[in-house]
Amino acid sequence: MTRSEEKKRGGNGRGGMFQVGPSDHTILVVEDEEMIRELVAERLRLEGFRVLEAENGKAALSILDREKVDLLLTDINMPVMNGIDLLKEVRGAQDLAVIVMSGQGDLEVAVFAMKAGAHDYIMKPVNFKILIHTIESALKRKMMEQALRDYQHNLEQKVAEQTKIINEFYLRSVQSLVKALEAKDEYTRGHSERVTFYSVEISKRLGGAVDVERVRTAGVLHDLGKIGVPESILNKPSRLTDDEFEVVKKHPLLGVKILEPIEFLRGVFPIILHHHERFDGRGYPSGLKGEKIPLEARVIAVADTFDAMTSTRAYRKALSAEEAIAEIKRCSGTQFDPDIARLFIDIYDSLTLPEGVHLPEGISSPRASEKPQITVKEA
Ligand SMILES: [Fe+2]
């Protein structure tokens, strides 16, 4: 079938995966010599392209500002703004193909134009058969580039969607583990919620020094490793032996090991691992000292200890809030980061406890208010 026959059927004679339909494409012809410009424009119109004309680079830029152009066919030597300067201006416009027209002997300039981002070049005087072929090739290449960009974009979107699904799956698994721990050690549930609440409240007042959402997640998960500590130790009604305490000391690392496959929780691992470090370096598991301990872990440490002290455990009765605050003060600078301890003491009375997060019996303030927002979030 000839091109004219195919045109009668509505085609364009330019088959293949990326069909170039002239009527779908606008070409801007930039040429200072009016006769050549009109000749080229007319010929392209005959081919079915929509054609715009400009006499120099500056006029072309003003057309590009207001018109959607698919292909720029530009001369190089022009007054006001030449083709190379025009090329520099449009470089980076992903949806614009550029062909330069170069006079005889301008081959070096043409090569320079190609390096500057032109898709192709043709020599003057223009051979129209070659010109049409060059235009079709440039448009096809542009369409293929666009298709590739779309494909990559779609691929990235698909990967993001799949990652979200996998993350949600992992989150549900982790939440099941937290529930399992709650069933095993009743104390932990209220404890994790309160530690999360106190830690988040401290974090909010650290002026952006910590990621509040990361602290929230770490608060929920900080004792997850206790799932690997025998119930006989967790609920022992008397003081733990040294050996038993060694088992308890494994829970931060165990928590991290359980969560290790969950890539997006990576940010909370150091917080979980170091929430039992002491500011003076006598804590566990690493004996980190002072600012070597992640700030978020120093926050959790204060909240965790305060709540542990104000809770009745299997082996001892709870302290009052006042007694626990006094203890936090006493251990400031040894067990706790003094800045975090002071901040917690300063805000404790003004805290409003979310509804559903219950204080241990006999502990007054913070007051009850809205629903708690304690969930595991991406960190
Ligand atoms: Fe812990």
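Indexing begins at 1, ligand by ligand and atom by atom, following the structure's order.
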Could you tell me whether the side chain of Arg278 and the main chain of Phe336 form a donor-acceptor pair under 3.5 Å? no
Counting N and O atoms only, with roles assigned by atom type, does the side chain of His119 sit under 3.5 Å from a partner on the main chain of Val98, one being a donor and the other an acceptor? yes
Which atom name would you report as the N, O or S atom of Asp223 nearest the Fe ion (ligand 1)? OD1
Charged N to carboxylate O under 4.0 angstrom, Glu231 versus Lys226?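 Judged by the 4.0 Å cut-off on N to carboxylate O distance, Glu231 and Lys226 do not form a salt bridge.
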Could you please compute the angle at the Fe ion (ligand 1) from NE2 of His276 to NE2 of His275, rounded to 10°?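 An angle of 90° at the metal.
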From the Fe ion (ligand 1) out to just under 2.8 Å, does an N/O/S atom of His251 turn up?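 It does; at least one qualifying atom falls short of 2.8 Å.
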The Fe ion (ligand 1) to nearest N/O/S of Asp304 less than 2.8 Å: no
Between Glu277 and His274, is any side-chain donor less than 3.5 angstrom from a side-chain acceptor? yes
